[in-house]
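Structure record follows, encoded as structure tokens.
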Amino acid sequence: MRRRRPCAGLWNTPMVHLNGDLTTCCLDTGLKNRLGNLCEESLDALWHGSRIHAWRLAQIRGEYASSGPFCTECDWWSAGTYPDELIVSYLEETGELALLDRFRRQGRE
């Protein structure tokens with residue numbers, strides 16, 4: 001069995017529903033990972049906000065149950081994984097240096 005990796009969807013594919021609701025995944029038709037609504041907040045604010053940041057960090061730590069309600073139901077094989085070098089860049093850019101050190105020690109990079 002392959003080890004689950006952080007999902008590329010949390011970085012690459014903001015999904016906007018017809019009513020303006022934003023979620024992290026095209027498979028999330030029930031909006032379990034709803035981040036907000038583009039009629040009320042900007043895409044930048046939602047896609048770079050504290051909620052999705054926490055979900056991304058949870059995925060990097062391997063805590064998928066804490067990375068958005070839909071993520072535990074996901075067929076993550078089809079979504080694709082986020083490359084290690086981009087995870088490193090994300091952690092550097094966001095100042096998550098303790099997690100970056102842990103990630104590097106796990107030998108993922």
Side-chain angles (χ1 to χ4, degrees):
M1 185 169 117
R2 291 190 298 186
R3 181 175 57 95
R4 186 171 179 176
R5 306 279 299 135
C7 177
L10 289 175
W11 282 271
N12 294 340
T13 57
M15 298 304 298
V16 181
H17 289 243
L18 291 174
N19 67 352
D21 282 339
L22 179 71
T23 185
T24 60
C25 179
C26 64
L27 301 174
D28 184 18
T29 57
L31 292 167
K32 290 184 177 184
N33 276 11
R34 184 181 181 275
L35 294 169
N37 188 286
L38 296 181
C39 297
E40 300 164 4
E41 296 179 73
S42 72
L43 176 61
D44 187 61
L46 293 171
W47 198 244
H48 301 290
S50 60
R51 181 182 302 157
I52 195 165
H53 178 65
W55 289 352
R56 289 171 177 156
L57 297 181
Q59 290 243 337
I60 293 168
R61 288 190 304 267
E63 299 169 359
Y64 298 98
S66 299
S67 64
F70 184 72
C71 295
T72 58
E73 302 171 21
C74 178
D75 169 16
W76 62 276
W77 300 104
S78 63
T81 61
Y82 204 59
D84 287 353
E85 63 273 8
L86 294 179
I87 290 172
V88 168
S89 294
Y90 180 78
L91 293 172
E92 288 173 341
E93 290 170 13
T94 59
E96 299 289 344
L97 302 181
L99 184 53
L100 174 60
D101 184 53
R102 177 179 158 193
F103 183 79
R104 285 182 165 147
R105 280 182 287 146
Q106 290 175 343
R108 290 179 164 171
E109 188 180 2

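- The shortest distance between side-chain heavy atoms of Ile52 and Thr24 falls below 4.5 Å.
- For the pair Ile87/Pro6, a side-chain contact is recorded, criterion being any heavy-atom separation below 4.5 Å from C-beta on.
- Using a 4.0 Å cut-off between a side-chain N of Lys or Arg and a carboxylate O of Asp or Glu, Glu92 and Arg104 qualify as a salt bridge.
- Applying the ring-ring contact (aromatic ring centres under 6.0 Å, His included) definition to pairs two or more places apart or across chains, none involves residues 13-39.
- Distance check, rounded to the nearest 0.5 Å: CH2 of Trp55 to OG of Ser50 gives 10.5 Å.
- Proximity of Arg4 to Cys71: side-chain heavy atoms (C-beta onward) are separated by under 4.5 Å at one or more points.
- Residues Ile60 and Val88 are members of one and the same hydrophobic cluster, defined by side-chain heavy-atom contacts under 4.5 angstrom among Ile, Leu, Val, Met, Phe, Trp and Tyr.
- Atoms CZ and OG, on Arg56 and Ser67 in that order, are 12.0 Å from each other to the nearest 0.5 Å.
- No cation-pi contact links Arg5 to Tyr82, judged by a cut-off of 6.0 Å to the six-membered ring centre and 45° from its axis.
- In the hydrophobic clustering of this structure, Met15 does not group with Trp11; members are Ile, Leu, Val, Met, Phe, Trp, Tyr whose side-chain heavy atoms approach within less than 4.5 Å, directly or through other members.
- Interatomic distance, His53 NE2 to Leu10 CG, rounded to the nearest 0.5 Å: 12.5 Å.
- Taking 4.5 Å as the limit, some side-chain heavy atom of Val16 sits within range of a side-chain heavy atom of Leu38.
- Taking OG of Ser42 as the start and CH2 of Trp47 as the end, the distance is 13.0 Å to the nearest 0.5 Å.
- Partners of Asp21 according to the side-chain hydrogen bond (donor to acceptor under 3.5 Å, both in side chains) rule, which considers only residues two or more places apart in sequence or in another chain, are Asn19, Arg34, Asn37.
- When each of Leu35, Leu46, Leu43 is paired with Pro14, the side chain to side chain contact (heavy atoms under 4.5 Å, CB included) condition holds for Leu43 and for no other.
- Tested against Thr23, the residues Asn33, Asp28, Thr29 include a single side chain to side chain donor-acceptor pair (under 3.5 Å) partner, Asp28.
- Side-chain atoms of Leu100 and Tyr90, non-hydrogen and from C-beta on, never get closer than 4.5 Å to each other.
- The distance from atom CD of Glu96 to atom CZ of Arg102, rounded to the nearest 0.5 Å, is 12.0 Å.
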